[in-house]
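One structure below.
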2 protein chains.
Amino acid sequence: MRADAKRNYDRIVEVARMAFRERGYDTSLDQIAKDAGVGPGTLYRHFPTRDDLIDAVMKAWVDHVEETTDKALTHEGGPREVLLNWFEEYVRLISVHKGGPAKITGAMGDEASPIRSKCQVLQSAGGRVLDRLREEDAVRDDVTPLEVARLVGGIAAVADQSGLEPAAVRPMLEVVADGLMK
Amino acid sequence: MRADAKRNYDRIVEVARMAFRERGYDTSLDQIAKDAGVGPGTLYRHFPTRDDLIDAVMKAWVDHVEETTDKALTHEGGPREVLLNWFEEYVRLISVHKGGPAKITGAMGDEASPIRSKCQVLQSAGGRVLDRLREEDAVRDDVTPLEVARLVGGIAAVADQSGLEPAAVRPMLEVVADGLMK
DNA sequence: CGACAATACGGAGACTATCTCCGTTTAGCA
DNA sequence: TGCTAAACGGAGATAGTCTCCGTATTGTCG
């Protein structure tokens, strides 16, 4: 990749990150190009579709998911607390951008989605937490990680769209957690 | 209202109903106007915003909600079955149009939403079911009808966006139901 | 019945966003 | 330094939203 290409690529991703965070995933791409100081052609060459740009913005975020999961696994307290803590972290993780929860949860299980790899990272992260709790025989085992991701993702999507405070989300996560406990 | 105005109004609503069902709430309004045989001006005079049109389309649907709730209340079986049955009906009710679950659940608790009255109908319907189950002391009482609506609505939104079969939705509803039982 | 005022109609067009094409510019190598 | 492949970016095609306003229709009243 040529130096000027990389420069522009990085600038676009950086501008897009801010734009998505502040204005949501449906913000104007031409505006992002303008803010990044490039023409729309440049943006669309690097990122043929909106999802390709979203995917690029999420690259750095993946490391953060791994790290957060590790922390959640060492969380003190009983199984219910570990699960709830993970749920809260999960909601926070997928809510970094406006529209993120709906986007990510909607793409889950979709083989063809450009952000598929990100969803898999999340899903396996959740799987690790569930496995750990199942070792303790604390969580029912007729529910898949995908279903759990959808349950919590659904709550996050609603919270995101309705602009709910974390305190308002908590009771709903508790219902799901209780429903999952043995 | 003049006779010709009513004629056009009704045609627009009818065409919109089909369009929303088939192509989702983000389908072109100009196209709906064209299909209804009117100019865009006519559509936008009757329905200044997209939500106003959605609201009109939902008018008839309200009766259906009441009716469905009555049936759910007389459902045979234990409390868990009654609750699950209601959840499934609820999901079906808000999924009549593509994008409906997200739209309706997102508007819940929003005082200014044009479809606010529809949400309240749904919420009070859910409240009736919960009240009935609480009489039997079957359901925990630290959860509000609004929270339950958001939990189930979140699942419906995810299912709608991912195109899930009812059979795939059921286990998730079970988790929420179990989490709500005492 | 005929005329008129109020009401409704609908299309042209302004505005905004998406996305492409292609002539121009530039980086990096020989 | 000069060449070529790569990258740039803006003009413009396409499509959706929404408004304005001249035209047409309705229904009433004399």
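Proteins come first, then strands; the chains are lettered A, B, ... in the order of their sequence lines, and each starts at number 1. Keep in mind that what you see is a predicted model, and the values were worked out from it rather than measured.
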| field | Closest contact, heavy atoms only, B/Thr105 versus A/Ser162 | value | O-OG, 4.0 Å
| query | If you round to the nearest 0.5 Å, how far is CD of B/Gln161 from NZ of B/Lys98? | reply |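 That separation rounds to 8.5 Å.
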Could you state the atom-to-atom distance from [atom1] of [X] to [atom2] of [N] in whole Å?
X       : N      : atom1 : atom2 : answer
B/Lys34 : D/dT17 : NZ    : P     : 12 Å
B/Ile32 : C/dG10 : CD1   : P     : 16 Å
B/Ile12 : C/dC9  : CD1   : P     : 7 Å
A/Leu43 : D/dG10 : CG    : C1'   : 14 Å
A/His46 : D/dC8  : NE2   : C1'   : 9 Å
B/Phe47 : C/dG10 : CZ    : P     : 14 Å
A/Gln31 : C/dC15 : CD    : C1'   : 15 Å
A/Arg11 : D/dC8  : CZ    : P     : 12 Å

| query | Nearest nucleotide by nearest heavy atom, which residue falls closer to the 5' end of DNA chain D, A/Tyr9 or B/Leu29? | reply |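 It is A/Tyr9, whose closest nucleotide lies nearer the 5' terminus.
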| request: Would you state whether a donor and an acceptor, one from the side chain of A/Asp30 and one from the base of C/dC19, lie under 3.5 Å apart? | output: yes
Quick one: are [X] and [Y] in side-chain contact, heavy atoms under 4.5 Å?
X        : Y        : value
A/Val176 : A/Leu180 : yes
B/Arg140 : B/Met181 : no
A/Val169 : A/Leu173 : yes

| message | Between A/Lys6 and A/Asp10, does any NZ, NE, NH1 or NH2 come within less than 4.0 Å of an OD or OE carboxylate oxygen? | response | yes
Candidates [options] - which lies nearest the side chain of [X]:
X       : options                : result
A/Pro40 : C/dG10, C/dT20, D/dT17 : C/dT20
B/Arg7  : D/dT17, D/dT26, D/dC8  : D/dT26
B/Asn8  : C/dT20, C/dC9, D/dC8   : C/dC9
B/Ser28 : D/dG16, C/dT20, D/dC8  : D/dG16

Would you tell me if any nitrogen or oxygen in the side chain of [X] comes within less than 4.0 Å of OP1 or OP2 on [N]?
X       : N      : answer
B/Tyr44 : D/dT19 : no
B/Arg45 : C/dC9  : yes
B/Thr42 : C/dG10 : yes

Please tabulate, one pair per line, all N/O donor-acceptor pairs under 3.5 Å involving side-chain atoms of residues 52-62 of chain B, not counting sequence neighbours.
from: B/Asp52; atom 1: OD2; to: B/Thr49; atom 2: N; distance (Å): 3.3
from: B/Asp52; atom 1: OD2; to: B/Thr49; atom 2: OG1; distance (Å): 3.0
from: B/Asp55; atom 1: OD1; to: B/Lys118; atom 2: NZ; distance (Å): 2.8
from: B/Trp61; atom 1: NE1; to: B/Leu93; atom 2: O; distance (Å): 2.9

| query | With sugar-phosphate meaning primed atoms plus P, OP1 and OP2, does A/Thr27 contact a base, only sugar-phosphate, or nothing at under 4.0 Å between heavy atoms? | reply | sugar-phosphate
At a cut-off of 3.5 Å, list every protein nitrogen or oxygen paired with a nitrogen or oxygen from nucleotides 28-30 of chain C, distance to 0.1 Å.
from: C/dG28; atom 1: OP1; to: A/Ala3; atom 2: N; distance (Å): 2.9

| query | So, B/Asn85 and B/Glu81: side-chain donor and acceptor under 3.5 Å apart, yes or no? | reply |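 No.
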